[in-house]
Amino acid sequence: MGNFMRQYWLPACLSSEVQSDSDPVRLMILCEKLIAFRDSSGRVGIMDHRCPHRCASLFIGRNEQNGIRCVYHGWKFDVDGKCVDMPSVPARMDFKEKVHAKAYKTHEANGLIWVYMGQDQANPPPLPEIEATMHPDAEIWCLQRDCNWLQALEGDIDTSHVGFLHVGGIEADDLEPDHPMRPTVLDRAPEYEVAQSDWGVMYGGYRPNDDGQMSWRVAHYMFPMWTQTPNNRFATRAIARAWVPMDDEHSMLFDITCGVDAGNPAYNSTLKDGTPLFDQISYAPNTTDWFGRWRSTDSEANDWAIDRESQRNGHQFTGIPNITMQDQAVTESMGPVTDHSFENLAPTDQMIARVRRRVLLAARAFANKGVVPPGIENPGVFYRARAGSFLHDPSDSLQNAYETALAKAVRWPEKVEAAE
């Protein structure tokens, strides 16, 4: 799976995390210990943290004059990993042209720094045309989760949990008639349609609305570790969530949204009386260790800030007031790598089952037969994915409902420019 992941561009960090000639940042991606730095000219380098000389960490190096200089013997490397100075070696013995740090291709756009960790660094594939990542004013936030990447991702593609975990203590009359969560509260047991797509797998959770229409919550899994969740208004917002594996037991979430309405309804919406539906997430201060970035203040150590009195009196179904921490709690509580033999999957878990199999088959096909992973040669397929909630004719299928909603959705002309 690691080699499979390396065929794709992966989100590495936010643009704001690295400043010119400032401190390097430790990154853990696909079990590799890397550093990111921005040089004097504004270019970003991502490379193995070990100096190719004696393996001292370049994290403690000096970011200066368009390169990172190891403090052990002064050897200096540019963002491409080329050794540009070898001051501890006599000039007549200098061999810097033969030394390279292990560096990866990077791409920066719209507040996000991408890394390509495949073997063929000279010929990386095009970036995926994921709509939310191509908007210059997209909102991006990150969060580290202490579990396997697929375990973390599966919470995004499980719509039946929303009626309990997130809005289990809410009644329909508490919400405005057009609130995207209202149909979920009216009927907490949705039915499903699931379909394979060129970009991965898509599903539609559907339930009758009280106005006679069918309420659809459409979402996607996109290769290799992206989701689009259905809590947005389909017509006006785009979302993409990347669950980047740090190692087998830690994942980094990049949540990216853009749109023409105000804010993300799931995180910023209110009850009819104006009370916020959820509290905002609280972050612990970043540290410089390998797992020190984008950690919440709440974790298993404090039971994810659960309030048992709130849980008992029905104010919060979970007793956890933040929507993200609700997901964090149930997913991390499974353990860092859950044992699936304990599971009893239900009909509402068919998206989970389909995605597991789709990923496994694609990874095996790549490993055993050299089949190019989905979306590598045709990155435009990702632009055809849009998630969210909408109402539609109850007699129509998922595919017809989806295509109709997609035709009406506000898309962004930045697509072509951002993909070049």
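- With a 6.0 Å radius and a threshold of 12 heavy atoms from other residues, nucleotides or ligands, Arg308 has its CZ atom at or below the threshold.
- Asp80 and Lys82 are not joined by a salt bridge, as no carboxylate oxygen comes within less than 4.0 angstrom of a charged side-chain nitrogen.
- No more than 12 heavy atoms of other residues, nucleotides or ligands lie within 6.0 Å of CD in Glu377, so this atom counts as exposed by the packing criterion.
- Checking Gln19 against Arg38 by side-chain atom types alone, no donor-acceptor pair falls below 3.5 Å.
- Between Trp75 and His53, the ring-plane angle classifies as parallel under the 30° and 60° cut-offs.
- The shortest heavy-atom contact between Val99 and Pro52 is CG1-CB, 4.0 Å.
- Tyr402 and His220 have their aromatic ring centers within a separation under 6.0 angstrom.
- Relative to the ring axis of Tyr203, Arg354 does not place its NZ or CZ within 45° and under 6.0 Å from the centre.
- In terms of heavy atoms, Ser215 sits closest to Pro183 at OG-CB, 3.2 Å.
- For the side-chain hydrogen bond (donor to acceptor under 3.5 Å, both in side chains) test with His166, the passing option among Thr318, Asp327, Asn231, Thr184 is Asp327; the others fail.
- More than 12 non-hydrogen atoms from other residues, nucleotides or ligands lie less than 6.0 angstrom from CD of Glu403.
- The distance from the OH atom of Tyr116 to the CG atom of Asn123 is 8.5 Å, given to the nearest 0.5 Å.
- At a cut-off of 3.5 Å, with distance as the only test, a side-chain donor of Glu332 or Trp304 sits close to an acceptor on the other residue.
- Rounded to the nearest 0.5 Å, atoms CH2 (Trp149) and CG (Asp248) are 11.5 Å apart.
- Thr106 contributes atom OG1, which lies 12.5 Å from atom CE of Met117 (distance to the nearest 0.5 angstrom).
- With salt bridges taken as basic N to acidic carboxylate O contacts below 4.0 Å, one links Glu17 and Arg293.
- In summary, the side chains of Ser296 and Asp298 do not present any donor paired with an acceptor at a separation below 3.5 Å, with no hydrogens or angles considered.
- The structure places CE of Met351 at 13.0 Å from CD of Glu193, a figure rounded to the nearest 0.5 Å.
- Salt bridge annotation for Lys105-Asp120: absent, with no cationic side-chain nitrogen under 4.0 angstrom from a carboxylate oxygen.
- Residues Asp48 and Lys33 are not paired through a salt bridge, judged by the lack of any N-O separation under 4.0 Å between the basic side chain and the carboxylate.
- Side chain of Asp174 to main chain of Ile170: no donor-acceptor pair is present (N/O by atom type, distance under 3.5 Å, no hydrogens or angles).
- The two residues Leu277 and Gln316 make their nearest non-hydrogen contact at O-NE2, 3.9 Å.
- Interatomic distance, CG of Asn344 versus CG of Asp349, reported as 10.0 Å (0.5 Å rounding).
- No side-chain donor-acceptor contact under 3.5 Å links Arg50 to the backbone of Ala101.
- Taking both residues in full, the closest heavy atoms of Pro374 and Arg358 are given as CG-NH1, 4.4 Å, listed atom of the first, atom of the second, then distance.
- Ion pairing of Asp85 with Arg69 is present here, as a side-chain N (NZ or NE/NH1/NH2) and a carboxylate O approach within less than 4.0 Å.
- Put simply, the residue from Thr229, Ile239, Ile140, Leu143 that forms a side chain to side chain contact (heavy atoms under 4.5 Å, CB included) with Asp255 is Ile239.
- Here the closest heavy-atom approach between residue Arg217 and residue Thr159 is recorded as NE-OG1, 2.8 Å.
- Using a cutoff of 4.0 Å between basic side-chain nitrogens and carboxylate oxygens, Glu108 and Arg43 are not scored as salt-bridged.
- Taking the six-membered ring for Trp and the full ring otherwise, the centers of Trp216 and His392 sit at least 6.0 Å from each other.
- Here the CG-OG distance, from Asp39 to Ser22, works out to 12.5 Å after rounding to the nearest 0.5 Å.
- Classification of Asp156 and Arg241 as a salt-bridged pair holds, one side-chain N sitting under 4.0 Å from a carboxylate O.
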Applying side chain to side chain contact (heavy atoms under 4.5 Å, CB included) to Val194 and Val201, what does each step give before you reach the verdict? CA-CA 7 Å; Val194 179; Val201 187; 3.7 Å; yes
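- Checked against the 6.0 Å centroid criterion, the rings of Phe59 and His49 do not qualify as a close aromatic pair.
- Formation of a donor-acceptor pair under 3.5 Å by the Gln328 side chain with backbone atoms of Gln144 is found in this model.
- Side-chain contact annotation: Asp158 with Ser160, donor-acceptor N/O pair under 3.5 Å present.
- In this pair, Trp9 and His107 present their aromatic rings perpendicular. The plane angle is above 60°, beyond the 30 to 60° band.
- Every residue meeting the ring pair (Phe, Tyr, Trp, His ring centres under 6.0 Å) condition with Tyr221, not counting sequence neighbours, appears here in chain and number order: Phe223.
- Within a 6.0 Å radius of CZ in Arg364, other residues, nucleotides and ligands contribute 12 heavy atoms or fewer.
- Pairing each heavy atom of Ser251 with each of Asn148, the nearest pair is OG-C, 3.4 Å.
- Val44 places none of its side-chain heavy atoms less than 4.5 Å from the side chain of Val79.
- A salt bridge is absent between Arg384 and Glu131; no separation between the charged side-chain nitrogens and carboxylate oxygens falls under 4.0 Å.
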Please evaluate residues Leu14 and Cys142 with respect to the criterion side chain to side chain contact (heavy atoms under 4.5 Å, CB included), reporting the C-alpha separation (whole Å), side-chain torsions for both, the decisive distance (0.1 Å), and the verdict. CA-CA 9 Å; Leu14 303 186; Cys142 300; 3.8 Å; yes
